[in-house]
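Read the structure below first, then the notes.
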Amino acid sequence: QVQLVESGGGLVQAGGSLRLSCTSSGRTFSNYVMGWFSQAPGKEREFVASISWSADDTYYADSVKGRFTISRDNTKNSVFLQMNSLKPEDTAVYYCATGPGMLLTIRHSYWGQGTQVTVSS
């Protein structure tokens with residue numbers, strides 16, 4: 001069993017910033033990718049960003065490139081998402097995920113409970 005707990009969500013004005021954090025507990029897998037997905041009301045869950053275990057490989061959705069930065073701290077079993085220049089369309093529940101591949105497919109990955117990000121205009 002893997003437990004993932006997200007934090008750092010909240011309400012922010014357009015153009016502002018938030019930093020999301022996620023910490024893994026229970027059984028951890030040293031080589032696992034970690035990353036983030038988002039889900040807006042009435043929409044499917046969408047990929048946001050992922051980072052390899054050694055942090056030498058990152059992958060971002062086109063919509064967040066240049067605005068969001070993913071990082072991780074393996075000593076803390078944590079992954080972070082620095083979100084800058086936030087837009088109202090970024091409003092969603094953000095989920096932390098970990099799994100064996102950069103795409104973090106639903107079938108093969110573990111997920112947290114989510115943290116709400118709301119961007120006002």
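The shown structure was predicted, so the numbers you read here are calculated from the model rather than taken from an experiment. Position 1 is the first residue of the sequence; numbering continues from there.
When atom types are taken as modelled, the side chain of Y60 and the backbone of I70 share a donor-acceptor pair closer than 3.5 angstrom. Using modelled atom types, one side-chain atom of R72 and one backbone atom of S52 make a donor-acceptor pair closer than 3.5 Å. E6 contributes a side-chain N or O that, together with a main-chain N or O of G114, makes up a donor-acceptor pair within less than 3.5 Å.
Residues T23 and N77 bring no donor and acceptor atom of their side chains to less than 3.5 Å of each other. Side-chain contact of E44 with Q39: a donor-acceptor pair under 3.5 Å is absent, judged by distance alone.
Residue L104 shares its hydrophobic cluster (ILVMFWY side chains chained together at separations under 4.5 Å) with V33, F37, F47, Y59, V93, Y95, M102, L103, I106, W111.
Closest approach of M34 to V79, counting heavy atoms only: CE-CG1, 3.7 Å.
Atom OG1 of T69 is separated from atom CE of M83 by 11.5 Å, given to the nearest 0.5 angstrom.
Sorted pairs that involve residues 33-80 and meet disulfide bond (SG atoms under 2.5 Å apart), not counting sequence neighbours, are lacking altogether. The list of disulfide bond (SG atoms under 2.5 Å apart) pairs with a residue in residues 32-87, not counting sequence neighbours, is empty.
At a threshold of 4.0 Å, the pair D62-K65 counts as salt-bridged, since one of the basic side-chain nitrogens sits closer than that to a carboxylate oxygen.
Counting only heavy atoms from C-beta outward, the side chains of V48 and L81 approach each other to under 4.5 Å.
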